[in-house]
Amino acid sequence: MPCAAATAQALGADIFPRGDSLAGRGYTRPTGACEEIESLARLIYAMTAGAALLVQGLSTPAAAAEPKAQIEGALPADLRAAVARAVGDTDRPIENRFEARRRAREAAEDAITVLRAEGYYAYDVEPDVGEGDAPKALVKIAPGPRFKLGPARIDWIGPPPDAAAAEAANTAMALPPGQPGRAADVVAAEGRAVAAIQKRGYADVKTEPREVVVDHADLTVTPDYRIASGAIAHLDGIQLTTNGRTRPAWMQHLAPWRRGDAYDPEDVAELERRLLDTGVFESVTVALAPAADMQADGLRPVVVSVAERLKRTIELGASYDTTAGVGLDAKWTRYNLLGRADTFSALGRLSKLDTRVQVDLSLPHWRTPRQTLATRAALYRTSTPAFDQEGVMASADVTRRWGPNATFGLTGTYFTYGASVDLSRTSEVRIGNLTPLGRDIATFATLADMQLDRSDDPLDPRRGWRASARIEPTLLTGEGVLPYLKAQGQVSGYLPFDAEGRTSLAGRLHVGSILNGAIEEIPAPQRFFAGGGGSVRGFGFQEVGPRLADNTPEGGLSLVEASVELRHRLTDKWGIVAFVDAGAVGGAQFPSFRDLSIGAGLGLRYDLGFGPIRIDLATPVTSRRGQAPFQVYVSIGQSF
């Protein structure tokens with residue numbers, strides 16, 4: 001009886017990996033460890049059963065609490081609900097009439113607060129206690145008519161702002177007469193007026209106590225705001241305070257304003273975001289210097305205080321699975337070595353699947369804000385069912401992120417371009433006669449990649465969509481010269497069935513093609529393969545697609561993958577999914593939907609706070625002889 005195979009899918013692989021690292025992608029080879037697999041299966045069964053019992057226990061309703069006081073009177077439904085929420089519930093019974101009267105008085109005060117907040121100023125509220133052996137706290141409410149807004153106005157204290165700023169403040173209040181006189185609307189209008197004035201350079205704007213006239217004769221609420229705008233503030237450069245190595249000259253180029261520009265609070269907030277995005281600082285504070293620190297030329301600096309994280313970190317990791325055996329990782333990271341929020345790391349990895357020594361250097365805000373230069377060099381050896389490869393590589397990529405004010409709808413869009421060189425020796429099986437084939441190859445590649453993310457969460461999306469496209473013009477040298485183009489694209493969408501997104505439908509489509517090259521001309525490491533946790537679940541790594549006569553995965557020049565998931569949250573922490581994956585790898589240059597490999601399964605999700613941990617159990621619907629009956633995948637974040 002064949003054993004079940006387990007595959008551990010690690011977190012962190014790119015959607016379209018370059019091929020320079022196979023760590024964490026997992027694959028399955030036939031092994032004799034039946035007892036280990038059966039133990040893992042029992043473990044997964046126990047985890048699932050335990051989670052189901054936990055969910056059942058969490059979903060058991062608690063004893064219903066009672067309102068602290070009963071609300072009596074003819075109230076509109078929405079007002080009654082607001083009063084009930086303010087009064088609240090309790091599970092403690094009333095022991096005597098004194099306790100009932102105290103609760104009634106407290107509930108009456110809560111009701112009055114709600115009535116005034118909602119514009120009911122001619123109210124009549126009476127706390128009372130019911131009769132009988134079990135007295136009840138009562139609140140009798142007659143809300144009276146709802147007051148309407150009168151014409152709001154701003155009285156400027158001191159010199160008024162310029163006409164454009166004054167008009168912007170009046171427009172921002174957005175309090176049309178005749179609307180309900182809600183207290184929250186009156187307070188919020190003042191905040192909007194102040195923000196509109198600050199936006200136009202008046203950094204020192206202040207408010208005096210406002211006057212709100214409640215007229216019981218005509219049932220109106222008329223606010224009169226008292227605002228002192230001050231003078232327009234003009235910005236100087238950045239004044240840096242730091243406990244580390246950050247260079248002030250580098251900091252200056254991050255400012256989203258020019259010297260002499262009028263103050264804009266959004267510019268100050270953007271500078272803070274740019275510094276936090278680097279990941280080098282524990283805390284960042286950005287604020288305009290007080291008026292007393294104004295320079296002789298009338299300009300005011302922006303004061304930046306940063307607390308840098310620990311200079312160095314060391315990370316050690318170990319992994320084990322039944323196919324790749326034991327894996328060991330060690331990573332040393334140095335932050336802000338160059339004084340410009342850079343990150344330098346050295347990685348050593350030892351495993352059956354991927355062994356390497358690798359160094360990375362990341363320079364955020366390189367040459368211009370929101371642009372990162374990432375460089376990498378590695379000495380590596382990989383071993384997969386389809387090929388073995390060892391070599392040395394180097395790459396440099398530049399990623400540009402469009403910010404919140406980008407044009408043409410590009411907000412949140414990432415564009416990456418770069419180049420790489422890879423000198424390697426591959427060992428594979430020659431297509432046709434199945435003889436060993438060794439190639440010494442120099443691979444020169446460039447790339448252009450664009451990613452758009454319009455989903456609501458990077459690790460647990462419930463609504464929205466994502467799209468990405470990538471092209472890699474490549475030149476192979478060694479046994480002749482071969483130029484080709486590798487292109488890939490992926491779209492995914494998320495459709496919630498309810499307002500909270502507790503149940504949602506997710507779908508993914510991924511296609512790829514290699515143009516200008518026969519399959520025997522393209523080295524195996526450059527071809528498309530499919531199967532695994534980030535590809536087609538139910539199949540092991542590289543198990544989808546054609547195979548040679550000796551059962552070696554052949555790979556292909558084209559790829560198509562599709563996934564559909566139904567996701568449901570049982571509680572705030574636990575969720576389940578049902579999914580179907582399909583994929584095909586072909587020898588033609590363009591994807592074909594024939595000969596699809598299909599897998600289906602169920603998954604369990606547990607929310608860690610920043611994202612879900614997932615355990616997926618999948619089985620191949622279409623399988624070939626010798627195919628493992630199921631695969632298990634463990635990772636962090638949804639599968640797509």
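All values below were derived from every heavy atom in this structure, side-chain atoms included, with hydrogens, water molecules and symmetry-related copies excluded.
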Undergrad: May I ask you to check if R105 and F98 form a cation-pi contact, with NZ or CZ under 6.0 angstrom from the six-membered ring centre and within 45° of the axis?
TA: no
Undergrad: Got a sec, which pairs hit side chain to side chain donor-acceptor pair (under 3.5 Å) with one end in residues 289-306, sequence neighbours left out?
TA: D204-R300, R259-D297
Undergrad: Should V194 and T207 be marked as a side chain to side chain contact (heavy atoms under 4.5 Å, CB included) after you check the CA-CA gap, both sets of side-chain angles, and the distance that decides it?
TA: CA-CA 8 Å; V194 170; T207 60; 3.4 Å; yes
Undergrad: Looking only at heavy atoms, what is the nearest atom pair of R567 and P461, with distance?
TA: NH1-O, 3.3 Å
Undergrad: Can you name the ring-ring contact (aromatic ring centres under 6.0 Å, His included) partners of H568, sequence neighbours left out?
TA: none
Undergrad: State which residues pass side-chain hydrogen bond (donor to acceptor under 3.5 Å, both in side chains) with R116; sequence neighbours excluded, sorted by chain then number.
TA: none
Undergrad: Which heavy-atom pair separates L337 from R245 by the least distance, and what is that distance?
TA: O-NH2, 2.7 Å
Undergrad: Hey, can you tell me if W250 and H365 have their rings parallel, tilted or perpendicular (30° and 60° cut-offs)?
TA: tilted
Undergrad: Does R502 offer a backbone N or O that forms a donor-acceptor pair with the side chain of D498 under 3.5 Å?
TA: yes
Undergrad: Could you pull out all residues at least two apart from Y121 that satisfy ring-ring contact (aromatic ring centres under 6.0 Å, His included)?
TA: F147
Undergrad: If you compare all heavy atoms of I71 against all heavy atoms of V87, which two are closest, and at what distance to 0.1 Å?
TA: CD1-CG2, 4.1 Å
Undergrad: Nearest heavy-atom pair of T242 and E308: which atoms, and what distance?
TA: OG1-OE2, 3.4 Å
Undergrad: Which residue, R466, R463, R462, forms the side chain to side chain donor-acceptor pair (under 3.5 Å) with S455?
TA: R466
Undergrad: If you measure from the Lys or Arg side-chain nitrogens to the Asp or Glu carboxylate oxygens, is any gap between K136 and E66 under 4.0 Å?
TA: yes
Undergrad: So, using ring-ring contact (aromatic ring centres under 6.0 Å, His included) as the criterion, who are the partners of Y120 when residues are at least two apart?
TA: none
Undergrad: Which residue in the set K199, R200, R273 passes salt bridge (charged side-chain N to carboxylate O under 4.0 Å, His left out) when paired with E266?
TA: R273
Undergrad: What pair of heavy atoms forms the shortest contact from L299 to G260, and how long is it?
TA: CD2-CA, 4.0 Å
Undergrad: Under the criterion side chain to side chain contact (heavy atoms under 4.5 Å, CB included), I'd like the reasoning laid out for R226 against R210: C-alpha separation, chi angles, the key distance, then a yes or no.
TA: CA-CA 6 Å; R226 298 166 57 81; R210 57 185 173 272; 6.0 Å; no
Undergrad: Please give me the minimum heavy-atom distance between V125 and P127, naming the atom from each residue.
TA: O-CD, 4.0 Å
Undergrad: Pick out which of R101, R102, R97 makes a salt bridge (charged side-chain N to carboxylate O under 4.0 Å, His left out) with E99.
TA: R102
Undergrad: Do the side-chain N and O atoms of N336 and T246 include a donor-acceptor pair separated by under 3.5 angstrom?
TA: yes
Undergrad: Compute whether any side-chain donor of one residue and acceptor of the other, for T416 and T399, lie under 3.5 angstrom apart.
TA: yes
Undergrad: Ignoring hydrogens and geometry beyond distance, is a side-chain donor-acceptor pair present between N170 and Y225 at under 3.5 Å?
TA: no
Undergrad: Looking at residues at least two apart in the chain, or sitting in another chain, which of them share a side-chain hydrogen bond (donor to acceptor under 3.5 Å, both in side chains) with Y494?
TA: S492
